[in-house]
There are 2 protein chains.
Amino acid sequence: MTLADQPPAAALVFQTLLQHGPLSRAELGRRTGLTPGAVTKAAASLMADAWIAEGGRPSTERTNGRPATLVAVRPERALFAGVKVTGEELIGVLADLTAKPLASHRVALDSRDVGSVVLAVARLVERLRVTADLPGEDALHGIGVTISGDVDSRLGTVQYSPFLDWRRVPLAQLVEEATGTPTVIENDVRALTVAEQWFGAGVGVSIFALVTVGAGIGAGLSIGGRVVSGAHGVAGEIGHLPVSGVERICTCGNTGCVEAVASTHAIAEQARQATGDPKLTMDDAVRLAHAGDPTVRAVFARAGHAVGLALACVANLIGPERIIISGEGVASYDLFADHIRQAFLDHAFGAAVDCDLLVRPLPFEEWARGGAAVAAQRVFAPTK
Amino acid sequence: MTLADQPPAAALVFQTLLQHGPLSRAELGRRTGLTPGAVTKAAASLMADAWIAEGGRPSTERTNGRPATLVAVRPERALFAGVKVTGEELIGVLADLTAKPLASHRVALDSRDVGSVVLAVARLVERLRVTADLPGEDALHGIGVTISGDVDSRLGTVQYSPFLDWRRVPLAQLVEEATGTPTVIENDVRALTVAEQWFGAGVGVSIFALVTVGAGIGAGLSIGGRVVSGAHGVAGEIGHLPVSGVERICTCGNTGCVEAVASTHAIAEQARQATGDPKLTMDDAVRLAHAGDPTVRAVFARAGHAVGLALACVANLIGPERIIISGEGVASYDLFADHIRQAFLDHAFGAAVDCDLLVRPLPFEEWARGGAAVAAQRVFAPTK
DNA sequence: TTGATTTACTTTCCAATGGAAAGGTAACGT
DNA sequence: ACGTTACCTTTCCATTGGAAAGTAAATCAA
């Protein structure tokens, strides 16, 4: 019996346990609105199929009444592979039901050709499987592949990937055929948002945005437990909000884009102009800024300002409870944190300033973890 | 038996009929995914309580098989009053279940004091009731009051209204006490969005935005059948997106806001500066622009550009299928239509340009109709 | 030790819901 | 007249989760 066959109440109980950890049946009833009897039945049904188990510390605090026995998800009940595809490499993780990485691996890509990428993905998944010493075929319940660009997860196709120069590639089907394991694909930022929604800083938050700052600048929006995909596959493109000045031209051909001044590439480029050193790298720029170089610091200030304006746009438009800031750029967050905050506070309208800005470092496997979360979601929250 | 007591399938059937007009049972089954038997039962249940009735042209096109008998909602089954409160006046309509206005009336406000506004609302509703010659007390099923600003519809309080200078006013409760009729309140733009979602250009559209251009510039977002309210009551504040230049200062104290260059007031102000005529009104500006005055036309061009950028922000962030442009400003839409479109097309990213821009004129009762739609929604789609 | 109290959990029973499947109905075409 | 087609209704039933009463395991008080 798979989780999809469980009655709605059981699915609800399972999801609550996934998000909030071990709970007593009584507490589950309170949180889900189910009656005690219904919880008992749902738990029995889930337990019969080994999705959950009794156990976990029975809360040290002593109270009156019969002590509670906790039930908890058995994360190892189903395992998933998550693979993030970039133009240069694959990042893969093997993760459990809660998208916790059990093993990870990176592979350089030597070709961006669809066939060889699919093959590389299949090899990477096989390698993860071997590394983790998985017993049989059925131990891996799904694969989630994530990729930046325009991804239609329902169709399972990559509509357009700028970094790989792919168009209308039925990637989910190809990987599924190459591996024999059910595969879903999703935009990388949306996948990360799914991971945060279920297992990260988005748990219990009705509306939040996840912003990634790095080579690109993007956002995922979660509203009422669903990640927004946009009618045409485009959503959360904060990198191209026209909020900065007209001076710099973005890769998209426009002026005013946030990415034109705040992407890793744009910052390095501006630092080169500011210093006159044509060989300056991003790392050099960070070093110079930390050393106090005023012109380079101004570059970071400007980037921070643009990001802050973008966050204000998000806050004014959808009014999130929280914005999670993440991405490679977070490593040098101290250099523009103040400018981000200031620009945000200045331009967030009314109660939108109450939005909580949260910075999260993003280890490299995190991206791949998003894929695992999307694959896992298929199992525990099949699309109604 | 009220609609809330109907089983879920019946509610679904009713909502489908509300949005798509008279349908055969077979067609209802196809659209809702219910089996024929379930539709028959749902329809019988709704018919027993007079929510729907058989009838309507049985589709002229001839086909094989037994001819279909259509069922349709009985819009007059429940009537609602919608009242829009501005700083100067009340606009009220009496509307049926489909938010179609049956009678309307405007009243000037002589005081912005909470008590007198509540009294005026109650009198207006009473007048509408008399005008329409409603039989008894129970003929009016609800009142929806809309107002611009920060409204918490769940609590029923106006958190902050700049035009009335109200804070934390429990308006729903006050109107309910004054009229004896169940009352809901909602932000005016969101209410309009609800009306469009159920009965207007938003029917069947999974994600859309409704943008109003006039004294203020705002937007309502509908995603997956729900209007976004924001965690702190703020959402759709496109009037304060920081996309225009730094020259003009907005009423909110910031620079760069769309409202600072594109609100009715801002356009008139800029036209006065451009012409040097301190008495110039908005109407004069429109006349001059139509007559070809280049400096005034430039003012409209700039306003259109700012609105277009704001629309691009909406498209890039949430990827709507459609953006409905409405508001008083639409009257002179021809003056900036091209600039809106151009700025939008330039800055919408990727497939976001596929978003459909639709202009809808907004008769004055339309605002109040939003209130009626919100009140009606309480009846046919009680919050789950 | 005993029993009251409190909270957690289980069991039994049942009403409601909507699907499956079969049957009835009203048109058309030949 | 008779088959065909599509619409609609009826009957029966499995599933679901609530209501309510009962059981379990702890603390507290006498």
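Since the model is a prediction, treat every value here as computed from it, not as a measurement. Quick note on labels: first sequence line is chain A, next is B, and so on, each numbered from 1.
- For the pair B/Asp5 CG and C/dT17 C1', the computed distance is 15 Å after rounding to whole Å.
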Any chance you could lay out the side-chain hydrogen bond (donor to acceptor under 3.5 Å, both in side chains) test for A/Ser45 and A/Gln6, step after step, and finish with the verdict? CA-CA 7 Å; A/Ser45 171; A/Gln6 297 274 354; 2.4 Å; yes

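- The residue among A/Thr35 and B/Thr40 whose nearest nucleotide of DNA chain D is located toward the 5' end is B/Thr40.
- The CD atom of B/Gln6 sits 9 Å away from the P atom of C/dT17 (whole-angstrom rounding).
- At whole-Å resolution of the value, CG in A/Leu46 and C1' in D/dT16 are 15 Å apart.
- With C/dA8, D/dG17, C/dG18 as the candidates, the nucleotide lying closest to the side chain of A/Ala26 is C/dA8.
- Aromatic ring centroids of A/Trp198 and A/Phe380 lie under 6.0 Å apart.
- Taken from CG in A/Asn187 to CG in A/Leu192, the straight-line distance is 10.0 Å, to the nearest 0.5 Å.
- Residue A/Arg30 contributes atom CZ, which lies 16 Å from atom P of D/dG18 at whole-angstrom precision.
- For the pair A/Leu34 CG and D/dA20 P, the interatomic distance rounds to 17 Å; values are reported in whole Å.
- Residues that satisfy the side chain to side chain donor-acceptor pair (under 3.5 Å) test with B/Asp152, not counting sequence neighbours, are absent from this structure.
- Of the candidate nucleotides D/dC7, C/dC9, C/dT17, C/dC9 has the atom lying nearest to any side-chain atom of A/Ala68.
- Closest heavy-atom contact between B/Val73 and B/Leu18: CG1-N, 4.0 Å.
- Toward the 5' end of DNA chain C, the nearer of the two residues B/Ala10 and A/Val39, judged by each one's closest nucleotide, is A/Val39.
- The separation between B/Leu70 atom CG and D/dC8 atom C1' is 13 Å, rounded to whole Å.
- Between B/Arg369 and B/Thr98 the shortest heavy-atom distance is NH2-O, 4.2 Å.
- In this model, the phosphate group of C/dT10 is not approached by any side-chain N or O of A/Arg66 to a distance below 4.0 Å at OP1 or OP2.
- Of the candidates C/dC28, C/dG19, D/dC7, the closest approach to any side-chain atom of B/Lys41 belongs to C/dG19.
- Taking only side-chain nitrogens and oxygens, B/Thr69 comes nearer than 4.0 Å to OP1 or OP2 of D/dC8.
- For DNA chain C, no neighbouring residue in residues 17-25 of chain B is found when judged by any heavy atom under 4.0 Å.
- In this structure, A/Asn64 atom CG and C/dA8 atom P are separated by 10 Å, rounded to whole Å.
- Remark: C1' of C/dC9 and CD of A/Glu27 are 14 Å apart, rounded to the nearest angstrom.
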